[in-house]
J.: 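Got a structure here, written out as structure tokens. Questions coming.
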Amino acid sequence: MITKLDSMLLAKKKFIYHYKNIRWAKGRHETYLCFVVKRRVGPDSMSFDFGHLRNRAGCHVELLFLRYLGALCPGLWGCGGSTEKKLSYSITWFCSWSPCADCSFRLSQFLNRTPNLRLRIFVSRLYFCDLEDSREREGLRMLKKAGVQITVMSYKDYFYCWQTFVAHRMSSFKAWDGLHQNYVRLARKLNRILQACETEDLRDAFKLLGL
DNA sequence: ATTTTCAAT
């Protein structure tokens, strides 16, 4: 794999500023999305693409990504003929914020209609997830039900992103103060949010059994 | 203890 030009990579400062998993991320009025798109071509070969996006005025970065999806995943919807076999892709993205409720809803709908696309989402910080009944929390659960694996970024994920998406110019990734503690706190929070899926399912099961 | 959030000026 040939390394992309620096201009296609994220500046170091930008990456650190936007992906820092601090509790009060003041001034992060932008969201970055670093992605890797993979397609299995044969038993040992794989097509591969990667890059990053930033939200634009009036368009959250997740929906922007969906706009580019056709170009990133040729054949995802078949190659014209309806009998044509659709190609399967798996996408991993790393987002500085977790998706808002609306994006989660639209993504879930899209994924439910596109079973040949697998999506894994890593997030640096949780967006509006403080309130127990926030719509953003509900959105994350909806994504999980649509088969998305949602994970909070840990050191190894930042390290990977640094190596893959950042114009690091041979400098190695240096963790900021509190990276690990913040990760642990956020991962617990996300687990609590997503576990509600299971208690809900359990409640439904009980109801079904008349218990 | 409290602080922020894909802005709005």
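Everything numeric here is computed off the predicted structure, so don't read it as measured data.
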J.: Are side-chain N/O atoms of Y127(A) and T31(A) paired as donor and acceptor at under 3.5 Å?
T.: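 Not at all, the side chains of Y127(A) and T31(A) share no donor-acceptor pair under 3.5 Å.
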
J.: Any residue in residues 96-109 of chain A with a heavy atom nearer than 4.0 angstrom to DNA chain B? Just list them by number, or reply none.
T.: W97(A), S98(A), P99(A), C100(A)

J.: Please measure how far the C1' atom in dT4(B) lies from the corresponding atom in dA8(B), and state the result in whole Å.
T.: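 Between the two C1' atoms, the distance is 16 Å.
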
J.: Check this for me: K14(A), atom NZ, are more than 12 non-hydrogen atoms of other residues, nucleotides or ligands nearer than 6.0 Å?
T.: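 Incorrect, the count does not exceed 12.
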
J.: Give a yes or no on this: more than 12 heavy atoms of other residues, nucleotides or ligands lie within 6.0 Å of atom CZ of R106(A).
T.: no

J.: Look at all strands and tell whether L64(A) reaches a base, only sugar-phosphate, or nothing, counting heavy atoms closer than 4.0 Å.
T.: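 L64(A): no heavy atom of the nucleic acid under 4.0 Å.
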
J.: With a sphere of 6.0 Å drawn around OH of Y68(A), does it hold more than 12 non-hydrogen atoms of other residues, nucleotides or ligands?
T.: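 Open: at most 12 neighbouring heavy atoms sit under 6.0 Å from OH of Y68(A).
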
J.: For dT2(B) and dC6(B), measure between their P atoms and round to the nearest Å.
T.: 23 Å

J.: Exactly one of Y19(A), W162(A), Y160(A) should register a ring-ring contact (aromatic ring centres under 6.0 Å, His included) with F173(A). Which one does?
T.: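 Filter result, single survivor: W162(A).
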
J.: Look at E138(A) together with R135(A) and state whether they make a salt bridge at an N to O cut-off of under 4.0 Å.
T.: no

J.: Under 4.0 Å between any heavy atoms, over every strand shown, what does E136(A) touch: base, sugar-phosphate, or nothing? Just pick one.
T.: nothing

J.: Can you find a pair of side-chain heavy atoms, one from F122(A) and one from I150(A), that are under 4.5 Å apart?
T.: no

J.: Look at D130(A) together with K189(A) and state whether they make a salt bridge at an N to O cut-off of under 4.0 Å.
T.: yes

J.: Which two nucleotides bound the region of DNA chain B that has atoms under 4.0 Å from heavy atoms of chain A, read 5' to 3'?
T.: dT3(B) to dA7(B)

J.: Look at all strands and tell whether R125(A) reaches a base, only sugar-phosphate, or nothing, counting heavy atoms closer than 4.0 Å.
T.: nothing

J.: What's the gap between dT5(B) and dA1(B) when it is taken at their P atoms, as a whole Å value?
T.: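 Going atom to atom, P in each nucleotide, I get 22 Å.
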
J.: Strictly below 4.0 Å, heavy-atom distances to any atom of DNA chain B: list the hits from residues 53-60 of chain A, or just say none.
T.: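 Contacting residues: N55(A), H60(A).
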
J.: Is it the case that over 12 heavy atoms from other parts of the model lie below 6.0 angstrom from the CG atom of D204(A)?
T.: yes

J.: Restricting to non-hydrogen atoms, name the atom on L194(A) and the atom on L140(A) that form the minimum distance, rounded to 0.1 Å.
T.: CD2-O, 3.8 Å

J.: Distance to the ring centre below 6.0 angstrom and angle to the axis at most 45 degrees; does that hold for R39(A) and F48(A)?
T.: no

